[in-house]
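Input: a single structure, listed below in structure tokens.
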Amino acid sequence: MSKTDWIQQEIDSLKSQGLYNNIRTISSPQGAWLTVDGKKVLNFCSNNYLGLANHPALIAAAKKATDDLGLGPAAVRSIAGTMNVHIELEKRLAQFKGVEAAITFQSGFTANLAVIPALVTKEDVIFSDKLNHASIIDGCRLSGAKIIAYEHNDVKSLEEQIKANLSQYRRAMIITDGVFSMDGDIAPLPDIYEVAKKYDILLMVDDAHGEGVLGNGGRGIVDHFGLHGKVDVEVGTMSKAFGVVGGIVAGKSVIIEWLRQRGRPFLFSSAVTVPDAAACLAAVDLLEDSTQLVDKLWENAKYFKAEMKTLGFNTGVSETPITPVMLGEAPLAQQFSRELFDAGVFAMAIGFPTVPQGKARIRVMISASHSKDDLNKGLEAFKNVGKNLGVI
Ligand SMILES: *Cc1c(COP(=O)(O)O)cnc(C)c1O
């Protein structure tokens, strides 16, 4: 027996249960079409909502910044000084989102690991939506605070948990995803805000899938609901609609100032590179200049969902461009995904434990980079595979 035998056994077990994740290799730029494992396929997988991951304006900004300022920041910002491009990005993000201040992190994941432990600790309590993202769950665990999960998007359940538990703790925080990535539903933020206000609890929303998607010109869920100044902490990412990489925390300036002193991923890990930050700045420019890409995204999403319903597919409860195609059991979803790939469409099957048992699905991610013709090709493939497998 070697020390690592157990790992091989676990891997073999995943494979025998059909739960082993075979990761495909992409050899083209991101866009409506990809070269995946050597084959040209229609891309229904990525979070590149606005097509910015390969946008000429972002590429040009990254190149110019690299020529001017080089690549890496070479140390953590709090020790060796912070580069102007990161500061400029934070100013512009705050303006774009209509908040007092913003701070950037290496990713949305590290933004959650930074902000939650900086605001609550082991004497405190977190009320967390049951379906919150893994990085929120990890941030909550790191904080040491008591975690109380309330029923998904259920404000009554949230208030019941608050009433039953709040008095036993020093401080409290409510945390919800803005858009839930597996179903595409949106948190009832105005009602959650009313509860947060009533009990005077800090409110945080993780708007990773809403940034660049929801609200006027992609300003996010707080703008979508007109809740400016009412949500204490907005977490976001620049790895999805922004097409680059990096996390955001936006909100009251006192919270952002505190994160520059106590956000551990800020204090102990370097920032995103210069070309990343410059490309994100170019993304903000594009979004401020025009709502055209965001409008196209929604037009595409509405068209695709309506056509899928007409074909007889169940697209769940999505209110966003995330389009789950509900299939039931995981093996069916996996076979559906394989047959789509053979038909030239790249769309991933998602099963347990990412979604509940019996709720396996194909998740289609619609983008502004899809043309009407692309969407029609995708619909045709779904129709053929759906008929072939007896789904429709
Ligand atoms: C994708 C996602 C993240 C992680 O964002 P990265 O920038 O890719 O690390 C965090 N929270 C939610 C809700 C997400 O959907």
Side-chain angles (χ1 to χ4, degrees), residues 108 111-113 115-210 214-215 220-236 249-252 255 316-320 322 324 326 352-359:
N112 278 325
L113 299 192
V115 68
I116 302 168
L119 296 178
V120 282
T121 65
K122 60 183 189 313
E123 293 156 272
D124 307 322
V125 59
I126 297 166
F127 300 100
S128 175
D129 187 289
K130 253 191 180 158
L131 296 189
N132 274 346
H133 189 260
S135 57
I136 296 179
I137 295 170
D138 286 7
C140 290
R141 287 179 182 156
L142 261 183
S143 76
K146 171 77 180 172
I147 303 160
I148 296 178
Y150 61 89
E151 295 302 321
H152 173 55
N153 275 353
D154 184 340
V155 182
K156 239 182 89 199
S157 163
L158 167 64
E159 187 162 6
E160 277 163 17
Q161 294 293 0
I162 291 172
K163 275 189 185 151
N165 295 287
L166 184 64
S167 63
Q168 298 157 49
Y169 298 92
R170 181 186 59 176
R171 286 198 291 269
M173 190 161 167
I174 299 170
I175 308 181
T176 182
D177 267 27
V179 175
F180 289 83
S181 58
M182 291 302 140
D183 291 296
D185 51 340
I186 301 177
L189 206 56
D191 296 339
I192 296 176
Y193 164 69
E194 289 303 327
V195 172
K197 189 169 104 179
K198 182 169 167 190
Y199 295 91
D200 201 23
I201 298 177
L202 273 177
L203 174 57
M204 167 176 148
V205 61
D206 177 349
D207 201 25
H209 280 277
L214 290 178
I221 190 170
V222 169
D223 187 86
H224 170 79
F225 284 120
L227 291 171
H228 294 282
K230 295 179 171 169
V231 176
D232 300 294
V233 179
E234 269 182 86
V235 169
V249 177
K252 298 201 169 71
I255 292 177
V317 294
S318 173
E319 303 163 79
T320 61
I322 297 169
M326 309 305 283
F352 184 78
T354 311
V355 294
Q357 214 108 37
K359 297 229 163 150

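- Distance CD1/I322 to CE/M182: 8.0 Å, rounded to 0.5 Å.
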Enumerate, atom names and distances included, each donor-acceptor pair closer than 3.5 Å involving a side-chain atom of residues 168-181, sequence neighbours excluded.
| residue | atom | partner | partner atom | Å |
| --- | --- | --- | --- | --- |
| Q168 | NE2 | A164 | O | 3.4 |
| R170 | NE | D124 | OD1 | 3.0 |
| R170 | NH1 | E123 | OE1 | 3.2 |
| R170 | NH2 | T121 | OG1 | 2.9 |
| R170 | NH2 | D124 | OD1 | 3.4 |
| R170 | NH2 | D124 | OD2 | 2.9 |
| D177 | OD1 | H133 | N | 3.2 |

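- In the model, E159 has a side-chain atom that pairs as donor or acceptor with a side-chain atom of Y199 under 3.5 Å.
- Nearest heavy atoms, A111 versus V249: CB-CG2, 4.0 Å.
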Let me check something: any side-chain donor-acceptor pairs from residues 229-236 under 3.5 Å, sequence neighbours excluded? List them with distances.
| residue | atom | partner | partner atom | Å |
| --- | --- | --- | --- | --- |
| D232 | OD1 | K252 | NZ | 2.8 |
| D232 | OD2 | L203 | N | 2.8 |
| E234 | OE1 | K97 | NZ | 2.9 |

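- Remark: H152 engages D129, D185 in a side chain to side chain donor-acceptor pair (under 3.5 Å) (not counting sequence neighbours).
- Partners of T320 according to the side chain to side chain donor-acceptor pair (under 3.5 Å) rule, which considers only residues two or more places apart in sequence or in another chain, do not exist here.
- Annotation: the span from D183 atom CG to K359 atom NZ amounts to 7.5 Å, rounded to 0.5 Å.
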What do the steps show when you test I186 against H224 for side chain to side chain contact (heavy atoms under 4.5 Å, CB included), and what is the final call? CA-CA 10 Å; I186 301 177; H224 170 79; 4.3 Å; yes
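- K130 is not listed as a side-chain neighbour of D154, based on a closest heavy-atom distance of 4.5 Å or more.
- Atom CD1 in I162 sits 4.0 Å away from atom CD1 in I201 (nearest 0.5 Å).
- Minimum interatomic distance between L227 and P190 (heavy atoms only, all atoms of both residues): CD1-N, 3.9 Å.
- In this structure, A208 and D206 approach most closely via the heavy-atom pair N-OD1, 3.1 Å.
- In this structure, the separation between CG on L119 and CD1 on I255 is 5.5 Å, given to the nearest 0.5 Å.
- With rounding to the nearest 0.5 Å, the separation of CD1 in I192 from CE in M204 is 12.5 Å.
- Here the shortest heavy-atom pairing between Q161 and Y150 reads CG-CB, 4.3 Å.
- In this view, D223 satisfies the salt bridge (Lys or Arg N to Asp or Glu O under 4.0 Å) rule with no residue, not counting sequence neighbours.
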Output side-chain donor-acceptor pairs under 3.5 Å for residues 139-148, partner residues at least two apart or in another chain, one line each.
| residue | atom | partner | partner atom | Å |
| --- | --- | --- | --- | --- |
| S143 | OG | C140 | O | 2.6 |
| S143 | OG | A145 | N | 3.0 |

